[in-house]
Protein chains: 2
Amino acid sequence: MPINKTEVDRRLILFKATLKESGSKLTHQRLEIFRAIASSLEHPDAEAIFRTVQRRLPTVSLDTVYRTLWKLRDLGSIATLGPRHESVRFDANLEHHHHFVCVRCGLARDFMSAQLSALRVPAAVRRLGSAVAVRADVYGVCDRCARREAAGQKRKQFPSYKRRKTSQEKRI
Amino acid sequence: MPINKTEVDRRLILFKATLKESGSKLTHQRLEIFRAIASSLEHPDAEAIFRTVQRRLPTVSLDTVYRTLWKLRDLGSIATLGPRHESVRFDANLEHHHHFVCVRCGLARDFMSAQLSALRVPAAVRRLGSAVAVRADVYGVCDRCARREAAGQKRKQFPSYKRRKTSQEKRI
DNA sequence: CTGACTGCAAACCCTTTGCAGACCG
DNA sequence: CGGTCTGCAAAGGGTTTGCAGTCAG
């Protein structure tokens, strides 16, 4: 199941460097949480990571896993798949089309593209399962959000991952 | 905001036919909920649809909206964008890659594809905003799920939208 | 009429947060 | 040691469900 051990080690070293560089502390929990993700071929969710880490650190709590995951994401050590905590959206346009999704506000608009519609399933996928379809969407910043930003207004962004206040901030 | 009225009417007629065909009842709520989605250019979430419908049917409840939405989806009258109620997944592979996602169990595996990596942002997108990236993923059925299904075993599928029991089923 | 549909309220799941104590550097 | 991190427990947001009454066909 786990990928090549050398690769995991490489990622771990990089991760430790990143942590130190950012002035964050290297705790057992963080190490194990990162190891759990780095050594998995699937893309685990918080719950799965939690269960894996629990085997080595029986006292970790699920919320530490969550906090750590967002921190690692902020540090650029891991990435997230799919939208986080977004509610489902519905679409009555049943014709083949693509979406332009705003990374700031989550707005999704339709567009057509012959190029994207013509995509064929790559051969590399064959050994993973029987492919049904390729979905291609474009991500970017919609005009409205771009205008807001140009106006210098700070608005809450779409994946507004709240950071825990530091004691410095609390004191204010 | 709303799209072309003729198009909305066309969709409404089709919708009514689908409802009748499936033996489902055509209620005010269903009609208004469908209209709300069909006449929106954006892809609203349940909350937004609820607010829209409320203007015409002040007594609708949010849960009716949800139940109706999943029913319409089951009937094929509308589609959902993105995964529904799935928890976020994490990925320590920071190199450019694509995902094969199993539509049954949600499993996501990495693969590389020069073709998909080479995608350019279509010109049609320009008027929607400033595009940043194209994401292309492949959807299908993974080997494990295919084997299960071949073995004839019924398993809970990934988007296992629970259906409300009919009184027939309840009686059992 | 009768079973499918609705509204209500309470439950549920995943995720977040305030707090006080633990621990890294 | 000081401030960051953690565990706990309780809150939060989005979605689901059991129930009893309502309504479409």
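Sequence lines set the chain letters: A, B, ... in the order given, protein chains first and strands last, and positions in each chain run from 1.
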- Item | Parallel, tilted or perpendicular: ring planes of H43(A) versus H97(B), cut at 30 and 60 degrees |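 Correct class here is parallel.
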- Query: Does anything in residues 114-131 of chain A pair up under salt bridge (charged side-chain N to carboxylate O under 4.0 Å, His left out), and if so which pairs, sequence neighbours excluded?
  - Reply: none
- What salt bridge (charged side-chain N to carboxylate O under 4.0 Å, His left out) pairs are there with at least one residue in residues 23-41 of chain B, not counting sequence neighbours?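 Residue pairs with at least one partner in residues 23-41 of chain B: E32(B)-R35(B), E32(B)-R56(B).
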- Between E95(A) and R11(B), is there a side-chain N and carboxylate O pair less than 4.0 Å apart? no
- With sequence neighbours excluded, what pairs up with P122(B) under the side-chain contact (heavy atoms from CB on, under 4.5 Å) test? F111(A), S113(A), Q115(A), L116(A), V138(A), V125(B)
In whole angstrom, what separates [X]'s [atom1] from [N]'s [atom2]?
X	N	atom1	atom2	value
K16(A)	dC24(C)	NZ	P	14 Å
R67(B)	dG14(D)	CZ	P	19 Å
F50(B)	dC8(C)	CZ	P	9 Å
W70(B)	dT17(D)	CH2	P	11 Å
E32(B)	dT6(C)	CD	P	13 Å
K71(A)	dT17(C)	NZ	C1'	17 Å
L62(A)	dA11(D)	CG	P	18 Å
I33(B)	dC5(C)	CD1	P	12 Å

- Enumerate the residues from residues 54-61 of chain B whose closest heavy atom to DNA chain C is under 4.0 Å, giving them by residue number; use none for an empty result.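 Heavy-atom cutoff 4.0 Å gives T59(B), V60(B), S61(B).
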- Verify, without hydrogens or angle tests, whether S24(A) (side chain) and K20(A) (backbone) share a donor-acceptor contact under 3.5 angstrom.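 Not at all, since once roles are kept as given, no pair shorter than 3.5 Å links the two residues.
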- Following the transitive rule for hydrophobic clusters with a side-chain heavy-atom cut-off under 4.5 Å over Ile, Leu, Val, Met, Phe, Trp and Tyr, establish whether V134(A) and M112(A) coincide in one cluster.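 Cluster IDs for V134(A) and M112(A) differ.
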- Message: Could you check whether the side chain of R89(A) and the base of dG14(D) have a donor-acceptor pair of N or O atoms closer than 3.5 Å, going by distance alone?
- Response: no
- Do H99(B) and D110(B) meet the criterion of a side-chain donor-acceptor pair at a distance under 3.5 Å?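 Indeed, the side chains of H99(B) and D110(B) share at least one donor-acceptor pair under 3.5 Å.
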- Pair listing, side-chain hydrogen bond (donor to acceptor under 3.5 Å, both in side chains) test, anchored in residues 129-143 of chain A, at least two apart: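 Found R135(A)-D137(A).
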Under 3.5 Å, which protein N or O atoms sit close to an N or O of nucleotides 23-25 of chain D? Give each pair with its distance.
| residue | atom | partner | partner atom | Å |
| --- | --- | --- | --- | --- |
| dA24(D) | N3 | K25(B) | NZ | 3.2 |
| dG25(D) | OP1 | L26(B) | N | 3.2 |

- Note on the structure: Result for 5'-nearest mapping on DNA chain C, choosing between D63(B) and R30(B), is R30(B)
- Message: Under 4.0 Å, counting only non-hydrogen atoms across every strand here, what does Q29(A) touch: a base, just sugar-phosphate, or nothing?
- Response: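 Sugar-phosphate only.
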